[in-house]
Protein chains: 2
Amino acid sequence: MDSESVAPGTVRPGGRTAQVRAAVLRAAGDALAEGGFAHLDLADVARRAGVGKTTVYRRWATTTGLVADLLTHMAEESLPRTETGSLLGDLKANARLVQRTLSDERHGALFKAVIAAATCDPRTAEALHRFYGVRIAEWAPCVQQAVDRGELPEGTDPHEVIRAVSAPLYYALLTSGATLDKPAAGRAAEAAAAAARAGVFASQAGTGVG
Amino acid sequence: MDSESVAPGTVRPGGRTAQVRAAVLRAAGDALAEGGFAHLDLADVARRAGVGKTTVYRRWATTTGLVADLLTHMAEESLPRTETGSLLGDLKANARLVQRTLSDERHGALFKAVIAAATCDPRTAEALHRFYGVRIAEWAPCVQQAVDRGELPEGTDPHEVIRAVSAPLYYALLTSGATLDKPAAGRAAEAAAAAARAGVFASQAGTGVG
DNA sequence: ACGTTAAAGAAACTGGAGTTCCGTTATGGA
DNA sequence: TCCATAACGGAACTCCAGTTTCTTTAACGT
């Protein structure tokens with residue numbers, strides 16, 4: 001990326017170059033979902049994508065580099081949030097979306113794999129952080145609306161509340177063998193809402209409850 | 001492990017065998033903390049441990065196998081919890097312990113690495129789940145005491161409350177670049193306490209708040 | 001439409017992770 | 001204390017992930 005001259009794929013990004021990137025990223029997602037990050041092999045990705053392995057090595061160089069680009073791609077296709085009119089309804093919708101994504105065989109494995117990749121390389125970690133930054137920012141407005149309606153204390157940090165919804169679901173995915181079911185999503189949303197109402201995420205920290 | 005005859009290290013586990021295991025696990029921890037799971041190399045671990053690489057390959061075979069054994073070892077040395085007399089005090093002590101561990105340069109990297117390893121292999125995942133099972137069970141009694149004191153609703157699941165304390169800290173460690181500071185630990189404890197008081201973790205789920 | 005050259009791709013090469021072989025050490029039972 | 005053998009360790013070997021080299025294809029400015 002910061003190499004001498006320009007990175008491959010930047011001068012003539014149209015046509016074949018774009019097709020190759022799409023095919024390789026799709027293949028990388030498949031490979032990650034099937035075998036996890038440890039078994040990710042660039043030659044195998046090239047084979048799946050129907051592309052020369054030289055091309056993959058030249059454009060992405062390492063497995064972490066490929067995952068970083070995959071995350072950039074994933075951040076671009078962010079799905080719009082739904083609106084229910086109440087804080088708890090919105091948070092439950094968000095929790096349900098996360099829970100369904102993570103408990104889906106393919107997507108759950110894929111998310112585990114990209115998180116694993118991010119722990120091994122700073123640049124990939126940055127891409128992961130940006131991805132979640134986008135996802136969180138997409139849902140934060142529903143918390144701000146709740147503050148404006150008077151459902152939550154002034155100064156509540158919307159991003160913190162949305163993160164509080166996802167956190168227990170990701171924690172369960174990674175550290176326990178428990179299945180992520182609908183009740184788990186409900187608890188995640190209700191816990192975040194209860195904490196937000198108690199003022200835990202308001203700017204004057206620690207003033208919440210005694 | 002389920003191979004023909006017996007696994008190496010089980011028939012004569014004393015003396016040299018035990019020393020080799022200790023040296024290798026220490027070296028593995030160092031290597032994981034420094035380079036992450038992706039760069040873990042059994043030959044390098046052997047070199048660090050001052051042990052023949054043949055030995056490491058024979059006894060642990062794969063990087064995930066080595067991490068699994070490391071997790072088993074980590075589960076055995078569980079540190080006792082502190083008691084403060086109040087639920088929030090106990091939860092804050094727990095949150096503080098987790099936060100200090102994860103924000104420590106070496107331990108933070110180590111935990112990220114073992115989580116990454118667990119995403120790549122079922123046996124390692126099992127070992128990780130057992131490790132967190134032990135850690136959570138160590139702290140669960142303080143929640144039960146709060147229930148007995150009447151601080152929390154009957155039927156509150158102690159394990160869920162303790163997990164709720166750790167979840168946002170691990171989520172931050174893995175998905176955001178944010179530094180885990182003392183206020184973050186405080187928020188984690190207060191959020192879990194607020195949710196528990198609201199009945200989110202009580203057996204009759206969803207009855208919590210309207 | 002045409003020419004320049006960026007980017008893809010085929011094939012041969014290389015280094016090191018992981019394996020095999022066999023000799024050496026020292027554990028644990030008698 | 002002594003012996004059988006479990007476990008360790010050095011060294012040579014294998015195989016494939018990753019690299020290098022060179023040729024072919026097609027993107028984009030004119």
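This is a predicted model, so every value here is computed, not measured. Here is how names work: the chains are called A, B, and so on, in the same order as the sequence lines, proteins then strands, and each is numbered from 1.
Note: CZ (A:R58) to P (D:dC22) measures 14 Å, nearest angstrom. Note: CH2 (B:W60) to P (C:dT19) measures 15 Å, nearest angstrom. Nucleotide C:dG18 holds its C1' atom 14 Å from the CG atom of B:D44, rounded to whole Å. Distance, B:R47 CZ to C:dA17 C1': 11 Å, rounded to whole Å. For the pair B:R21 CZ and D:dC8 P, the interatomic distance rounds to 12 Å; values are reported in whole Å. In this entry the distance linking CZ of A:R16 with P of C:dA7 reads 10 Å, nearest Å. Taking atom CG of A:L42 as the reference point, atom C1' of C:dA8 lies 16 Å away to the nearest angstrom.
Salt-bridge formation is detected for the pair A:E34/A:R48: a Lys NZ or Arg NE/NH1/NH2 atom is positioned less than 4.0 Å from an Asp or Glu carboxylate oxygen. Ion pairing between a basic and an acidic side chain is recognised when a charged N comes within 4.0 Å of a carboxylate O; B:R106 and B:D30 show such pairing. With respect to A:D69 and A:R59, no salt bridge is recorded, no charged nitrogen being found less than 4.0 Å from a carboxylate O.
Residue B:T54 has no polar side-chain atom (N or O) positioned under 4.0 Å from OP1 or OP2 of D:dG9. Within the 4.0 Å cut-off from OP1 or OP2 of D:dG18, at least one side-chain nitrogen or oxygen of A:Y57 is found. In this model, the phosphate group of D:dC8 is approached by a side-chain N or O of B:R59 to a distance below 4.0 Å at OP1 or OP2.
Side-chain contact check for B:Y132 and B:Y170: at least one donor-acceptor pair (N or O, by modelled atom type) lies under 3.5 Å.
Note on A:T62: nothing from the nucleic acid sits closer than 4.0 angstrom, heavy atoms only.
For D:dG18, its base sits under 3.5 Å from the side chain of A:K53 at one donor and acceptor pair at least.
Along DNA chain C, the nucleotide nearest A:T55 and the nucleotide nearest B:A61 are compared for position; the residue whose nucleotide lies closer to the 5' end is A:T55. Along DNA chain D, the nucleotide nearest to B:G50 and the one nearest to A:A43 differ in position, and the one closer to the 5' end is contacted by B:G50.
Proximity note for B:V11 (side chain, C-beta onward) versus D:dA6, C:dA17, C:dA8: the nearest is D:dA6.
In this structure, the side chain of A:T84 engages the main chain of A:D90 through a donor-acceptor pair within 3.5 Å.
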